[in-house]
Amino acid sequence: GATWKRELADRARRVTGLPGAADRIYWQFGNELNGPRFLDNLAQWGGISRMSGEETMRQIIPLYVEYFLAPGVEAIRSASQSVHGDPGRIHVMLGSLANARHPRSQRWFDQLLDYTVKGDYAKSLAGRKVHEIVDTLSIHYLVSAPDDAWSEILDNLNQKWVGRGSVRRIWSTEELGVKRAQAGQGASTALRVSSRYLDWWLRHGWPAD
């Protein structure tokens with residue numbers, strides 16, 4: 001835990017030296033946390049017997065938070081304090097939610113955000129909820145489908161979590177995908193996704209950040 005925090009804080013401090021980094025850097029803790037690769041890695045590392053997908057997803061939450069996210073957040077806060085004099089200046093993004101349209105994924109995301117940190121490797125965060133230690137949520141593959149169900153799902157995510165604890169933003173970090181790109185649908189998907197997010201963003205009056 002100490003090694004992880006030391007190395008991460010060192011990298012964070014180095015990145016802050018880049019032009020414009022103070023307002024543009026978001027540290028994202030994991031890619032597609034509920035996806036098969038991340039699940040397999042954490043389950044094998046933590047000695048979790050693979051059961052149903054939903055049960056395995058539930059059991060990896062403490063491993064992800066206690067050994068990766070919470071000590072990582074402590075490191076980022078320390079680096080932010082030393083560089084900017086403000087522990088919250090460097091943004092912390094929760095690892096992305098894969099298949100964000102699926103009800104099972106949404107239920108799991110709620111469980112993760114409501115998890116209480118024990119803090120064995122991040123004592124300053126003990127007793128805090130995950131939604132109190134991250135300021136940005138990230139999602140994958142919500143608005144790229146042909147139907148309009150995405151709007152209600154995004155509304156629900158916004159109403160439930162944005163403004164709660166320290167959460168202030170939702171960021172889609174992946175919507176296109178290699179299959180659409182290889183099928184020659186990259187440009188049309190990019191236009192559909194961009195216009196949908198911009199429309200939702202403007203309707204809700206969100207600022208540029």
Side-chain angles (χ1 to χ4, degrees), residues 1-16 25-83 87-100 102 104-140 157 160-161 164-171 173-174:
T3 300
W4 161 233
K5 286 191 282 188
R6 184 175 59 252
E7 294 187 358
L8 178 58
D10 177 64
R11 283 162 173 75
R13 283 190 289 269
R14 281 189 283 167
V15 169
T16 60
I25 299 300
Y26 289 72
W27 287 86
Q28 183 181 22
F29 285 87
N31 177 65
E32 297 192 346
L33 303 180
N34 56 320
R37 290 182 181 176
F38 205 95
L39 279 176
D40 284 342
N41 283 341
L42 269 184
Q44 290 179 31
W45 181 80
I48 297 173
S49 300
R50 291 301 299 265
M51 309 169 202
S52 68
E54 196 154 9
E55 178 61 19
T56 303
M57 286 164 60
R58 186 187 66 79
Q59 290 200 37
I60 72 161
I61 289 176
L63 296 175
Y64 168 73
V65 174
E66 303 296 346
Y67 290 95
F68 184 37
L69 177 67
V73 171
E74 259 197 353
I76 294 297
R77 288 185 173 186
S78 173
S80 184
Q81 178 67 41
S82 67
V83 173
R89 184 73 180 275
I90 299 177
H91 298 293
V92 175
M93 187 188 301
L94 190 62
S96 55
L97 178 69
N99 193 13
H102 198 291
R104 183 176 72 175
S105 300
Q106 296 162 31
R107 288 193 300 270
W108 179 80
F109 208 44
D110 288 344
Q111 291 173 350
L112 171 59
L113 282 160
D114 206 39
Y115 175 85
T116 301
V117 179
K118 294 182 176 62
D120 289 344
Y121 298 95
K123 294 189 183 305
S124 69
L125 302 179
R128 306 287 295 279
K129 300 281 191 179
V130 168
H131 68 261
E132 296 176 316
I133 67 173
V134 301
D135 61 44
T136 306
L137 309 182
S138 55
I139 55 176
H140 282 189
L157 187 62
K160 186 177 292 184
W161 294 112
R164 186 175 173 188
S166 60
V167 177
R168 297 293 178 268
R169 304 165 188 83
I170 301 172
W171 191 332
T173 52
E174 191 173 335

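When reading the values below, keep in mind they use all heavy atoms of this one structure, side chains included, and skip hydrogens, waters and symmetry mates. For reference, positions follow the sequence shown, starting with 1. As the structure is a prediction and not an experimental result, all values here were calculated from the model.
- Ring geometry for Phe38 versus Tyr64: interplanar angle over 60°, hence perpendicular rather than tilted (30 to 60°).
- Side-chain contact between Thr173 and His140 is present, with at least one heavy-atom pair separated by less than 4.5 Å.
- Ser138 and Gln28 form a side-chain donor-acceptor contact under 3.5 Å, judged by distance and modelled atom types alone.
- Under the ring-ring contact (aromatic ring centres under 6.0 Å, His included) criterion, Trp161 pairs with His131, not counting sequence neighbours.
- The CD1 atom of Ile133 lies 9.0 Å from the OG atom of Ser124; values are rounded to the nearest 0.5 Å.
- With sequence neighbours left out, the ring-ring contact (aromatic ring centres under 6.0 Å, His included) criterion links Phe109 to no other residue.
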Chi angles and distances behind the salt bridge (Lys or Arg N to Asp or Glu O under 4.0 Å) call for Glu132, Arg164: CA-CA 8 Å; Glu132 296 176 316; Arg164 186 175 173 188; over 6 Å; no
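- Taking 4.0 Å as the cut-off between side-chain N and carboxylate O, Asp10 and Arg14 count as a salt-bridged pair.
- A distance of 5.0 Å separates OH of Tyr67 from CH2 of Trp45, quoted to the nearest 0.5 Å.
- We find the CH2-CE distance between Trp27 and Met93 to be 12.0 Å, quoted to the nearest 0.5 Å.
- For Arg11 (side chain) and Glu7 (main-chain N/O), a donor-acceptor pair under 3.5 Å exists by modelled atom type.
- Looking at Lys118 and Tyr115, their side chains do bring a donor and an acceptor atom within 3.5 Å of each other.
- Proximity of Val15 to Ile90: side-chain heavy atoms (C-beta onward) are nowhere separated by under 4.5 Å.
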Check against side chain to side chain contact (heavy atoms under 4.5 Å, CB included), His91 and Arg168: CA-CA 10 Å; His91 298 293; Arg168 297 293 178 268; over 6 Å; no
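- Judged purely by distance below 3.5 Å, without hydrogens or angles, the side chains of Asp135 and Ser166 never pair a donor atom with an acceptor atom.
- Heavy-atom contacts from other residues, nucleotides or ligands closer than 6.0 Å to CZ of Phe68 number more than 12.
- By the 4.5 Å heavy-atom criterion applied to side chains, Leu112 and Leu33 are counted as neighbours.
- Gln111 has its side chain within reach of Ile61: a pair of non-hydrogen atoms, C-beta onward, lies under 4.5 Å apart.
- Distance alone, capped at 3.5 Å, is enough to place a donor-acceptor pair between the Glu66 side chain and the Gly119 backbone.
- The shortest non-hydrogen separation linking Ala122 to Pro71 is CB-N, 3.8 Å.
- Put simply, CD1 on Ile170 and CG on Leu97 are 11.0 Å apart, with the number rounded to the nearest 0.5 Å.
- Salt bridge annotation for Arg77-Glu74: absent, with no cationic side-chain nitrogen under 4.0 angstrom from a carboxylate oxygen.
- Atom CZ of Arg37 and atom CG of Asn31 lie 9.5 Å apart (nearest 0.5 Å).
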Check against side chain to side chain contact (heavy atoms under 4.5 Å, CB included), Phe29 and Ile76: CA-CA 11 Å; Phe29 285 87; Ile76 294 297; 4.0 Å; yes
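- Rounded to the nearest 0.5 Å, atoms CG (Asn34) and CD (Glu54) are 11.0 Å apart.
- Taking each heavy atom of Gly88 and Ser80 in turn, the nearest pair found is N-OG, 4.0 Å.
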Stepwise side chain to side chain contact (heavy atoms under 4.5 Å, CB included) test for Ile48 and Leu42: CA-CA 8 Å; Ile48 297 173; Leu42 269 184; over 6 Å; no
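- Put simply, the side chain of His102 reaches to within 4.5 Å of the side chain of Asn99, judged on heavy atoms.
- Closest heavy-atom contact between Ala70 and Val117: CB-CG1, 3.9 Å.
- By the side chain to side chain contact (heavy atoms under 4.5 Å, CB included) test, Ala75 pairs with Lys5, Leu8, Ala9, sequence neighbours left out.
- Looking only at side-chain heavy atoms (C-beta outward), Leu137 and Leu113 come within less than 4.5 Å of each other.
- By the 4.5 Å heavy-atom criterion applied to side chains, Ser82 and Arg13 are counted as neighbours.
- When side chains are defined from C-beta on, Asp114 does not count as touching Val130, because their heavy atoms never get closer than 4.5 Å.
- In terms of modelled atom types and a separation under 3.5 Å, the side chain of Gln106 and the main chain of Ala100 share a donor-acceptor contact.
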